[in-house]
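Working notes for the structure below.
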There are 2 protein chains.
Amino acid sequence: MTSPEGYDKYAFEPFAVTVDLAVLTLRAGTLQVLLVERGEEPYAGRWALPGGFVLPDESAEEAAWRELAEETGVTDASGLHLEQLRTYSEPGRDPRMRVVTVAFAALLPDPPVPHGGGDAAQAQWLRFDAVGPLAFDHDRILADAHERVGAKLEYTCLATAFCPPEFTLGELQQVYETVWGTPLDRPNFRRKVLATPGFVEQVPGAARLTGGRGKPAALYRAGGATALHPPLLRPTTEGRPR
Amino acid sequence: MTSPEGYDKYAFEPFAVTVDLAVLTLRAGTLQVLLVERGEEPYAGRWALPGGFVLPDESAEEAAWRELAEETGVTDASGLHLEQLRTYSEPGRDPRMRVVTVAFAALLPDPPVPHGGGDAAQAQWLRFDAVGPLAFDHDRILADAHERVGAKLEYTCLATAFCPPEFTLGELQQVYETVWGTPLDRPNFRRKVLATPGFVEQVPGAARLTGGRGKPAALYRAGGATALHPPLLRPTTEGRPR
DNA sequence: CGCATTTATAGTCGGCATGACTATTAGTCA
DNA sequence: TGACTAATAGTCATGCCGACTATAAATGCG
């Protein structure tokens, strides 16, 4: 029996509320996820998404930022992207007790040191496509995060969240190609990005020379825009699912 | 202090977990919301989104379906759309205690009777654009639901969830116009919808005559498709926000 | 009965975004 | 110096989309 108004202290079951983080980055041209190895049952020895309890005086968002800082060691939040994914609440998802988790997806530019403090459970970057079965329902959460990020690349400027402050258009294109798993035509990608006002702005007179072969590329910064109109759709493999 | 693994029974604060529903429908050409009037403090006399506690043995989704049935009186879930919006967890959002709510957006075709059982707190349909300040953070939840639905109309076939099993293209267009608050060009809308395979399929030899003036319109059913490619974008009021 | 009104449906036309492709430039490496 | 590599420039045809005109099929009023 639920009472729509006027809470009775004994009318509800208390739940544990946690946050779980799907932290993604691009390393060496591959999509990678930050994972921790579980030391105890259940799922001992399995990889799991980093996460933890929401404390009494913080929101889920605050808990997520805190956990993100703890696990990655990043100190300043600037340039990071963190967004709520959805909440997972199936009664049996944790065999020990009733745990409701608010999942987040986070995007980091490059590897910001594989780990943070002197914690026992080391967080590690693993290749996204090589993660075995994860603990709990974390496979599902991770898949949802990947799907969400891929979709948001289409109609937002989110891709720059994977890039360092200054980047080349080739690097930006790699973000799309790596997340979507599809090669893109370089001139067309370039044309589209530059034609979208506020997506990127060129750094005057700078070029990346970093040991690369070929013509040095111009450097760009993220512009002020957040949305892409019209969107940059994935190559249509016919009527796409979802 | 949070322990990433091995839960300590006293390491976390228990939360109350609820669901809140933003139930939308189209009545008389306007967007309407299902609301309940609060009888007790806090926010006594104010309108609030229907909702309730998540029970010990159910997921948030199951709780949302249960509440939806309780408040609207609908018996069969077919044709209804219910999707998780996001979770609201700010510590102060309920002055009485720590309540984390998982918000859902639901879409109904037409009015399925304003109410259900013989409950005291009657749920009522109110015009979306005429809702005053709601209780708690429900204004924010409702705004988020509206934004989400508007966005999903662009790239999914969600609009049919507002329509009865058989509908005319004019009615479908009204869904878009009402949710977006923008008039659309009728021939162009028609062309786009019919050109999208699986969006709608014509009911053979049926036409709606219902007291209307003008040429009777052909009837359509929702097709099998769920996604729209390419999307049906809102009229671009210049670089649109979010 | 006829004509204005209303709504659905059909079709046209130009612009622009996009996919596919070619060409040129500017570097590195052997 | 010359292959190789990658960035950038430009071309061209297709197709989608916004704006618009035209026709068809019903109602209702005089």
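Below, chains carry the letters A, B, ... as their sequence lines are ordered, and counting in each starts from 1. Worth knowing before you read on, the calculation uses all heavy atoms, side chains too, and leaves out hydrogens, waters and symmetry mates. Every value quoted in this text rests on a predicted model; they were computed, and no experiment measured them.
Rounded to whole Å, atom P of D:dC16 lies 14 Å from atom CG of B:Leu194. Note: CZ (A:Phe199) to P (C:dA17) measures 16 Å, nearest angstrom. Computed from coordinates, the A:Asn188 CG to D:dA9 P distance equals 14 Å when rounded to whole Å. Spacing between atom CD of A:Gln202 and atom C1' of D:dT8 amounts to 11 Å, rounded to whole angstrom units. Put simply, CD on A:Gln173 is 12 Å from P on D:dA6, counting in whole angstrom units. Taking atom CG on A:Leu233 and atom P on C:dG19, their separation rounds to 8 Å, with Å as the unit. If you take CZ of A:Phe167 and P of D:dA7, they are 14 Å apart, rounded to a whole angstrom. Atom CG in A:Leu232 sits about 11 Å away from atom C1' in C:dT18, given to the nearest Å.
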**Message:** A:Val36 vs A:Trp47, test: side-chain contact (heavy atoms from CB on, under 4.5 Å). Steps then yes/no.
**Reply:** CA-CA 6 Å; A:Val36 294; A:Trp47 293 99; 5.6 Å; no

**Request:** Given ring-ring contact (aromatic ring centres under 6.0 Å, His included), test B:Tyr220 with B:Phe167 step by step and report yes or no.
**Result:** CA-CA 5 Å; B:Tyr220 293 83; B:Phe167 51 87; 7.2 Å; no

**Asked** Can A:Phe162 and A:Leu108 be said to form a side-chain contact (heavy atoms from CB on, under 4.5 Å), step by step?
**Response** CA-CA 5 Å; A:Phe162 279 107; A:Leu108 302 191; over 6 Å; no

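In terms of phosphate contacts, B:Arg213 brings no side-chain nitrogen or oxygen within less than 4.0 Å of OP1 or OP2 of C:dT5. OP1 and OP2 of C:dT7 both lie 4.0 Å or more from every side-chain N or O belonging to B:Arg186.
A side-chain donor-acceptor contact under 3.5 Å links B:Arg27 and B:Gln32.
Closest contact between the side chain of A:Pro187 and the listed nucleotides D:dA9, D:dA25, C:dG11 involves D:dA9. For B:Pro216, the side-chain atoms get nearest to D:dA25 when compared with the rest of C:dG27, C:dC21, D:dA25. Proximity note for B:Pro230 (side chain, C-beta onward) versus D:dG18, D:dT27, D:dC16: the nearest is D:dC16.
Both B:Asp185 and A:Lys215 lie close to DNA chain D; mapped to their nearest nucleotides by heavy-atom distance, the more 5′-ward contact belongs to A:Lys215. Summary of the strand contacts: A:Gly214 and B:Lys192 both lie near DNA chain D, and taking for each the nucleotide with the nearest heavy atom, the more 5' one is attributed to A:Gly214.
Not a single donor-acceptor contact under 3.5 angstrom links the side-chain atoms of B:Arg191 to the base of C:dG11.
Taking the ring centre of B:Tyr88 as origin, the terminal cationic atom of B:Arg86 falls inside the region bounded by 6.0 Å and 45° from the ring axis.
Residue-level contact check: A:Ala195 touches neither bases nor backbone, having no heavy atom under 4.0 Å from any strand.
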